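What follows is a single structure, written as structure tokens, with notes after it.
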Amino acid sequence: NSTHMDSTQHFSVWLLVPEPQRATVVAAMKAAADTHGLATSEPHITLLGDAGAGTEAEMTAKLAALAGIGAVPCIFAKSGAVTAGIGADGTVPW
């Protein structure tokens with residue numbers, strides 16, 4: 001539907017895990033989710049939580065303008081399991 005594709009939306013920018021590593025990450029996420037009764041999502045790192053609003057074409061053009069600007073360092077405060085959002089009692093409030 002061309003009307004839907006032209007409508008203004010909010011966009012996020014994700015760094016996706018490539019194959020074959022994706023399959024390994026998905027399996028680990030599914031096992032952890034099953035163990036704790038949680039849902040799974042697409043494995044990714046959010047680069048921009050709110051990249052702005054616009055049509056898909058506008059956002060594609062904005063992101064294309066970033067191509068070739070060089071590497072962007074990603075520094076992680078801690079390696080290992082992701083525990084953000086887990087309460088002291090081990091539950092996830094959301």
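Fair warning: this is a prediction, and the values are worked out from it, not measured in the lab. Just so you know, these numbers use all the heavy atoms, side chains as well, and skip hydrogens, waters and symmetry mates.
- Cluster annotation: L63 and W14 are assigned to distinct hydrophobic clusters (Ile/Leu/Val/Met/Phe/Trp/Tyr, side-chain heavy-atom contacts under 4.5 Å, transitive).
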Could you tabulate the donor-acceptor pairs under 3.5 Å formed by side-chain atoms of residues 39-47, not counting sequence neighbours?
from: E42; atom 1: OE1; to: R22; atom 2: NH2; distance (Å): 3.1
from: E42; atom 1: OE2; to: R22; atom 2: NE; distance (Å): 2.9
from: H44; atom 1: ND1; to: E42; atom 2: O; distance (Å): 2.7
from: H44; atom 1: NE2; to: T46; atom 2: OG1; distance (Å): 3.2

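- Remark: T24 OG1 to M29 CE distance equals 13.0 Å, nearest 0.5 Å.
- Rounded to the nearest 0.5 Å, atoms OG (S12) and CG (D50) are 6.5 Å apart.
- The distance from atom NZ of K30 to atom OG1 of T35, rounded to the nearest 0.5 Å, is 9.5 Å.
- Cluster annotation: L16 is not connected to L48 through the hydrophobic network of ILVMFWY side chains, with a link wherever side-chain heavy atoms come within less than 4.5 Å.
- Counting heavy atoms from C-beta outward, F11 and K62 have side chains that stay 4.5 Å or more apart.
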